[in-house]
Structure formats: C-alpha cells, structure tokens
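On a predicted model such as this, the values are computed, not experimentally measured, just so you know.
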Amino acid sequence: MIAKAILAVLLGAVPLAAAGWLVRRVRRLRPVPWGVAAALMAGGGVAAVATFVAERFVFRIMELSIEATPGTGVTALLALLLFASPLEEAAKVVVVWPTVALRRLDAPGVGVLFAVAAASGFAAVETALIVWSSEPSPLRLVRAAAGIPAHAFCAGLWGYALGSRARSGSHWFGPVWLAAVAIHGLYDHIVFGRGPGMLAIAVPMLLAMGLVTWSALRDIAPSAGRSSLHLHLPEPPALHEVRRALRRTDEPLALRWIVLGALVNLGAAIVCVGAAVVLARRFGIDMSLADEADMRSNGPLVIVAAALLTAFPLAGYLVARASGAHTVLEPAFASGLAMALAVAVLSVTAPSAVIFAFAVAPVAFVLACGGAWFGMG
C-alpha cells in the first residue's frame, strides 16, 4: 500500500514539474502570476477527480470498457472518442474559461500556458488515481506514464486556438478542440486500450507531439541564450516559419506533382519496408509476431515504423527536387494523399492496421515536409 502511494505521488509530480518549468520559461517574457497557474493546476486536479468518477460510473452502468478485446475493439475506441476524451477536454476548458471571461487569457502563448497548466493538474491527479486504483505492475506503470504527455499536448492545441480567439476573434477554437479530442482518444486507445504488443505504435505519436511542442516553444517562449551545456543541436522551425513554408505563393498548385508525389511516397514506403523485412530476416528477427498480447510484437512494429518514417523524408526530398517547388505545399499534399490512400486500402484489407497508420501519419507528414524543405535548397 505504501509503495503504491509513493509511485502514485512520484508519477503525479511529473506533469506538475513540467508545468512549473513552462511557467518559469514564459515568465521571462511576460508577467504570468504564479497564483493563476497554481489555481489552474488545482482546478485541473478537481476536474480529474470528477471525470474519473463519472467515467467509472458510466462504464459500469453501460457495461463498457476502454480495453479492447477481439470482439469489442471498435466499441472500446468509440467509448474514448465519443465519451471519455470529450468529457476530459471539456472539463479542462471549463477550468480555463474563467481566465477568458476575466480577460487574463489574451494571446495564443498565454492560452497555451493556461491550458497546459490545467491539463498538468488534471494529468497529475488522473495518473495518481490510475496507479492507486489498480494492482501495481510494470506494464500498468508504463501505461500510466505514457498517458501523461497527451494531456498537455492536446490542451496546448486548443489553448493556442483559444488565445487566438481572444486576440483576433479567430473561429478555429471549435475545430481545433475536436481535433484535440480525436488525437487524445486515439492515443489513449493505443496506450490503455490495446495489448502490450501495440505500445510501440504510440512512439511515433509521441515523437510528433515532441516536435510540435518544441516548435511551439520557439514561438511562445524562445530560449534566452545558449544552454549551460553549450550543445549545438539542430532545432525544428518555429510555428511562424512553418506557416510561412506552407503558405501558398502566386504560382498555382502543381496537381500533377501532388499525384506523382503520392505515388513516389507509396513506392518509397514499399521499398523501405521491403528492405527492413530483408534485413530483419538476415539478423534473425521474426517479423511474423503480430499478437498484440505479446510484448515481443513491439520489436517488429518498431522496425516497420522506422522503415516507413524513413520513406517519407526521402520522398519529400525527391518530389521537391524534381518539381522545383518554392514551398513545401506540393510535397505536403502528396504525403497526405499517400497516407489517405493507405488508410483507405487498409480499412478494407486489414482494419486493425488503420490504427497503426493513424499513429504513424503525423510524424510521416512532418518528416515529408522536412525532406521537402531540404529539397528546395
């Protein structure tokens, strides 16, 4: 019992520490009261208790579960997408909304900070409740820890849109909130709903969250000088640089390069996956392990995901070089079209693989744009 309590407190402290670090970084540029951030974290914690109790009650009454079995995979996913995830994101919005009414949330960066603060308090309490309410095991702890980043990331998405709405009257808050709900629901389905053999699928989504978060930090809270370690690491472009790279020029979109680029993406993916299978066979790795209840499935999944992610920057580079593009729009649309075609085919031939495709898609899109960026040079 004592060990369980200690684990719950330690895991719950992780998102609170991350939120505190973000507040300190933002305070270098704008005065953000610690009291407001602390109140939002506390409000997020209260919201987590309320939603945790509500979800347990509804799932028990409706005889539902977020854990997928061979016959309830779709039901488990819908339970997250249509109930649990909207309820949690709505509760966080309720916590943050008083700052909008009091005009304390007046910019996109402040919106991200306030939303992440509320989400961190929510994640801290929910993670502690997950650990406390179940038998401790290494797998359960890994799942509880892996569920933390999605809270902050998804809240940051709608927090940015909420700040834009407060500053310029933007109408993107609703669509962005729905996108955050969908991302959070899909991520939780992979982490909590599927078997341990599918946990590796969450890695591409975590990478995408990390890249987008790093890019957003360069906009809302740029670093003040070099770090004490004097590391010269390449940084992703800031959000304003991404928007400029995706901005349409006076030249019309070359539809032929979008179609050809999609075929190049698919061809590169086939070649890279084929090469990965050949190399795996040569080194004695059994690629036939596909049982999500078996942790050994993570190895083949990581190899396949790495091969796919290698294909997209290569294809983006080739399309940009061949088309002479001045923006990354054509390669970006081409990668999006390729992923849409892949999802359409998988939904008919291998429905369970659609989850894998959606998990890989965000990182694949970012890498395709990165390859195109270098191809333009």
Side-chain angles (χ1 to χ4, degrees), residues 44 47 51 77-101 105-119 122 149-190 204-205 208-213 215-217 219-220 237-248 253 258 327-329 332-333 335-337 339-340 343-344 347 354-355 357-366 368-369:
T51 57
L77 178 59
L78 291 178
L80 283 168
L81 291 177
L82 300 181
F83 175 66
S85 184
L87 178 64
E88 293 179 5
E89 295 304 325
K92 296 169 195 171
V93 173
V94 170
V95 173
V96 174
W97 197 261
T99 64
V100 178
L105 195 160
D106 56 1
V110 177
V112 171
L113 175 62
F114 287 177
V116 170
F122 190 105
H151 284 287
F153 177 79
C154 294
L157 290 179
W158 58 255
Y160 189 90
L162 192 60
S164 298
R165 177 182 179 275
R167 167 172 283 185
S168 59
S170 169
H171 299 289
W172 284 101
F173 172 70
V176 171
W177 183 84
L178 290 174
V181 167
I183 293 171
H184 201 169
L186 176 63
Y187 182 82
D188 278 357
H189 178 66
I190 294 170
M205 297 188 73
M209 291 178 190
L211 288 172
V212 174
T213 300
S215 180
L217 280 175
D219 255 7
I220 66 175
L239 286 182
H240 69 274
E241 295 173 331
V242 174
R243 290 195 297 268
R244 185 166 60 246
L246 291 171
R247 190 173 300 152
R248 185 171 178 176
L253 286 174
I258 294 177
T327 70
V328 300
L329 278 177
F333 279 120
S335 64
L337 179 58
M339 287 182 281
V343 169
S347 64
V354 172
I355 298 174
F358 276 121
V360 172
V363 182
F365 181 81
V366 171
C369 293

Does any non-hydrogen side-chain atom of V96 lie less than 4.5 Å from one of W158? yes
So does L81 get a backbone contact from the side chain of S85, meaning a donor-acceptor N/O pair under 3.5 Å? no
Quick check for you: to the nearest 0.5 Å, what is the distance between L162 atom CG and F114 atom CZ? 10.5 Å
Would you call the rings of F173 and W97 parallel, tilted or perpendicular, where under 30° means parallel and over 60° means perpendicular? tilted
Check A166 against L105 and note the closest heavy-atom contact, atom names and distance. CB-O, 3.3 Å
Inter-residue atom distance L77.CG - H189.NE2, 0.5 Å rounding: 4.5 Å
Less than 4.5 Å apart, any side-chain heavy atom of V95 and any of F122? no
Shortest non-hydrogen contact from A119 toward A155: CB-CB, 3.5 Å
Apply the side-chain contact (heavy atoms from CB on, under 4.5 Å) test between H184 and each candidate in V181, L186, D188; give the one that qualifies. D188
Flag the pair L337 / F333 as yes when at least one side-chain heavy-atom distance between them is below 4.5 Å, and no otherwise. no
Check whether any side-chain heavy atom of T99 lies under 4.5 Å from a side-chain heavy atom of V110, and answer yes or no. no
Sorted by chain and number, sequence neighbours left out, side-chain hydrogen bond (donor to acceptor under 3.5 Å, both in side chains) with H151 holds for K92, E126
Suppose we screen for side-chain contact (heavy atoms from CB on, under 4.5 Å). Which residues come up paired with V366, at least two apart in sequence or across chains? L211
For F365 and S335, the nearest pair of non-hydrogen atoms, with its separation, is CD1-OG, 3.5 Å
